[in-house]
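Please read these numbers as outputs of a predicted model, since none were measured by experiment. In what follows, every heavy atom counts, from backbone to side chain, and hydrogens, waters and symmetry copies are set aside.
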Amino acid sequence: MKCPFCHHIESKVIDSRPTDESASIRRRRECLRCGKRFTTYETIEATPLMVIKRDGSRQQFSRQKVISGLIKSCEKRPVTAAQMEAIAQEIEQSLYGSMEKEVSTVRIGEMVMERLKDVDEVAYVRFASVYRQFKDINTFMEELNKLIGNH
């Protein structure tokens, strides 16, 4: 680690401890040339998860977009913000845990629907109607029949 004072590249670690939520490590260092002390932070370098959209374009995964879709689907329903946050967090952890670098919007949508089905059926149908882009009442009824058939 380069000293910010004399730019010497050798230093020794004097103290090391985790920061808030153990997301990074704070290290106190001492330059071996000038003896001055400085602090560095070490964090995990996360590779971004890319989402492949229906049109083939790619963009970085956004947990906020998952939450936004949940909010729209759960509007005026007895689903708490904490439940929506938990769903989004579970999906995000599952996606990053899969070690894939790219994921389709189709997969994310299926994951959201799978979790919404257990939380609130009306919110599930709302999300499915937008996500699956129902063309007419028949495709909408097919989805409702699937939902009813699972009871």
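Here the straight-line distance linking atom CD1 of Ile71 with atom CD of Gln64 works out to 6.5 Å at 0.5 Å rounding. Taken from CG in Leu32 to NZ in Lys12, the straight-line distance is 7.0 Å, to the nearest 0.5 Å. For the atom pair Lys53 NZ and Gln59 CD, the distance stands at 4.0 Å (nearest 0.5 Å). Rounding to the nearest 0.5 angstrom, the gap separating the NZ atom in Lys101 from the CG atom in Leu95 is 15.5 Å. Here Arg17 contributes atom CZ and Ile25 contributes atom CD1; the two are 12.0 Å apart, rounded to the nearest 0.5 Å. The SG atom of Cys31 lies 10.5 Å from the CD1 atom of Ile9; values are rounded to the nearest 0.5 Å.
In the hydrophobic clustering of ILVMFWY residues, with side-chain heavy atoms under 4.5 Å counting as a link, Met50 and Met111 come out apart. If you chain together hydrophobic residues whose side chains sit under 4.5 Å apart, Val122 and Met113 never meet in one group. The hydrophobic cluster containing Phe38 does not contain Val13, counting ILVMFWY residues as joined when their side-chain heavy atoms lie under 4.5 angstrom apart, directly or transitively. A single hydrophobic cluster is seen to contain both Val103 and Val106, as judged by linkage of ILVMFWY side chains at heavy-atom distances under 4.5 Å, directly or through other members.
Contact annotation: the side chain of Lys65 never approaches that of Ile108 to less than 4.5 Å [non-hydrogen atoms, C-beta and beyond]. No side-chain heavy atom of Arg27 sits less than 4.5 Å from a side-chain heavy atom of Met1. Under the 4.5 Å side-chain criterion, counting only non-hydrogen atoms from C-beta, Asp120 is not in contact with Cys74. In this structure, the side chains of Arg63 and Glu85 come closer than 4.5 Å at one or more pairs of heavy atoms. Here the side chains of Lys36 and Glu30 are not in contact, with every heavy-atom distance at 4.5 Å or above.
The pair Glu102-Arg107 fails the salt-bridge criterion, with no side-chain N (NZ, NE, NH1 or NH2) lying under 4.0 Å from an Asp/Glu carboxylate O.
One N or O on the side chain of Arg58 and one on the backbone of Gly56 form a donor-acceptor pair closer than 3.5 Å. Side-chain atoms of Ser24 do not come within 3.5 Å of backbone N or O of Thr19 as any donor-acceptor pair.
Shown are Lys72, Glu121, Glu75; of these, the side chain to side chain contact (heavy atoms under 4.5 Å, CB included) with Arg126 is made only by Glu75. Checking each of Val119, Val66, Leu116, Leu70 against Met84 for a side chain to side chain contact (heavy atoms under 4.5 Å, CB included) leaves exactly one that passes, namely Leu70.
Of all non-hydrogen atoms in Gly69 and Phe127, the two that sit nearest each other are O-CD1, 4.1 Å. For the pair Leu49 and Glu100, the tightest heavy-atom approach, listed with the atom from each and the gap, is CD1-O, 3.3 Å. Closest approach of Phe61 and Glu92 over heavy atoms only: CE2-CG, 3.7 Å.
Around the CZ atom of Arg54, the shell of radius 6.0 Å holds more than 12 heavy atoms that belong to other residues, nucleotides or ligands. Under a cut-off of 6.0 angstrom, the local environment of CD1 in Ile14 is crowded, with over 12 non-hydrogen atoms contributed by other residues, nucleotides or ligands.
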